[in-house]
Amino acid sequence: MPELPEVETFARTLKPELVGKTILSAEVYWARTLATPSTDQFKRQVAGQKILDVSRRAKYLILNLEHYNLLIHLRMSGDLIIREGKIKAEKHDRILLQLSDHTVLAFNDTRKFGRIWLTDKPETILGKLGPEPLEKNFTSQWLYENLLNRKRLLKPLLLDQTFIAGLGNIYTDECLHIAQLHPLSLSNTVTQEKAGALHKAIRTVLKEGIRRNGASIDWVYRGGEFQNHFRVYGRDGEACPVCGTIIQKLTVGQRGTHICPVCQHMR
DNA sequence: AGGGAAACCCGAACGC
DNA sequence: TGCGTTCGGGTTTCCC
């Protein structure tokens with residue numbers, strides 16, 4: 001769920017609310033949420049740090065502090081909530097930060113998959129990520145050449161964050177359907193024309209997701225509405241919006257995958 | 001190098 | 001109604 005569009009929405013929302021505030025103290029309720037450092041070190045290092053900026057890289061939220069970067073990955077069920085008052089744990093709260101203006105930033109995460117890093121070397125985590133698909137260095141030509149460079153199943157390659165940063169399972173299915181490519185086709189068999197179609201589809205789908213504030217597919221609602229506009233994701237058994245053929249569900253790289261068997265023919 | 005599987009988690013949705 | 005089971009999301013790690 002927290003694929004690029006949703007995290008982008010979070011970053012935009014949080015920026016004006018957090019920039020300029022100081023983190024006074026922290027409480028950790030689920031230590032595994034903290035990828036690094038240890039709980040004690042985290043509490044010590046984060047205390048007194050002013051939030052200078054809020055941004056996003058791939059699916060990571062970045063709180064730029066005076067001496068560190070706080071990297072937050074929401075995974076599927078993670079949520080950031082700003083509450084009034086003092087630190088007081090609520091259901092599924094994993095880490096709470098007391099802010100200087102009598103508010104609390106809560107990292108609430110039902111499934112405990114989300115991770116937070118406090119580091120002065122964010123490149124060690126962000127450095128391996130592929131290009132941002134909405135930036136200008138992600139071109140159709142770049143995509144074509146790099147698909148050609150490898151011999152990978154198309155869908156797992158698109159999900160690989162070191163190849164392109166930000167696509168998750170939902171958006172990948174949507175992109176492949178628009179570009180009329182089969183998820184099991186090999187990356188080095190994609191023609192220049194198809195690579196162009198895929199490039200265009202990736203940008204279209206991500207922009208649409210951002211415009212609709214992300215997708216809220218599980219019972220964990222976050223206000224997105226892109227889920228009402230899926231073309232194939234979760235629509236197995238329904239008609240393909242392009243040709244009317246029944247959409248099929250299959251498994252590719254252990255991920256639920258939805259295709260129109262006619263539009264996305266293997267060749 | 002690439003792919004499969006398991007692990008990490010929970011609650012919804014299902015089957016009986 | 002109340003059990004037990006299955007599922008899925010993103011990522012890492014291990015194995016072939």
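Here is how names work: the chains are called A, B, and so on, in the same order as the sequence lines, proteins then strands, and each is numbered from 1.
- The local environment of NZ in K200(A) is sparse, with at most 12 non-hydrogen atoms from other residues, nucleotides or ligands closer than 6.0 Å.
- The R255(A) side chain lies nearest to dG10(C) when the options are dG10(C), dC10(B), dT11(C).
- When the P atom of dC7(C) is taken as reference, atom CG of N169(A) falls 16 Å away, rounded to whole Å.
- The distance from atom CZ of R94(A) to atom C1' of dC10(B) is 9 Å, rounded to the nearest whole Å.
- When rounded to the nearest whole Å, the span between CG of L147(A) and P of dA1(B) equals 18 Å.
- Taking 4.0 angstrom as the limit, K249(A) places a side-chain polar atom (N or O) nearer than this to OP1 or OP2 of dG8(C).
- Separating the CG atom of L74(A) from the C1' atom of dC9(B) is a distance of 16 Å, rounded to the nearest angstrom.
- Proximity note for Q254(A) (side chain, C-beta onward) versus dA6(B), dC8(B), dG11(B): the nearest is dA6(B).
- In this model, the phosphate group of dC9(B) is approached by a side-chain N or O of R32(A) to a distance below 4.0 Å at OP1 or OP2.
- Which of dG2(B), dT11(C), dC10(B) sits closest to the side chain of T110(A) comes down to dC10(B).
- The base of dC10(B) sits within donor-acceptor range of the side chain of R111(A), with an N or O pair under 3.5 Å.
- Among the candidates F113(A), Y60(A), F10(A), the single residue satisfying the ring-ring contact (aromatic ring centres under 6.0 Å, His included) test with H73(A) is Y60(A).
- The environment of E193(A) atom CD is sparse: at most 12 non-hydrogen atoms of other residues, nucleotides or ligands sit within 6.0 angstrom.
- What separates CG of N146(A) from P of dA1(B) is a distance of 15 Å, to the nearest Å.
- Out of dC9(B), dG11(B), dG10(C), the shortest distance to the side chain of M76(A) is found at dG10(C).
- The CG-P distance, from L153(A) to dG3(B), rounds to 4 Å in whole Å.
- Contact between the side-chain N/O atoms of R152(A) and the OP1/OP2 oxygens of dA1(B) is not found at any separation under 4.0 Å.
- Summarising the geometry, the separation between CZ on F163(A) and P on dT11(C) is reported as 16 Å, rounded to the nearest angstrom.
- Proximity note for K91(A) (side chain, C-beta onward) versus dT11(C), dC9(B), dG11(B): the nearest is dG11(B).
- Remark: H92(A) is not in phosphate contact with dC10(B), judged by side-chain N or O atoms under 4.0 Å from OP1 or OP2.
- Contact check, K59(A) against dT11(C): a side-chain N or O comes under 4.0 Å of OP1 or OP2.
- For the residue pair Q49(A) and H67(A), a side-chain donor N or O sits within less than 3.5 Å of a side-chain acceptor on the partner.
- When rounded to the nearest whole Å, the span between NE2 of H73(A) and C1' of dG10(C) equals 6 Å.
- Applying salt bridge (Lys or Arg N to Asp or Glu O under 4.0 Å) to D93(A) and the options R83(A), K112(A), K88(A) leaves one that passes, R83(A).
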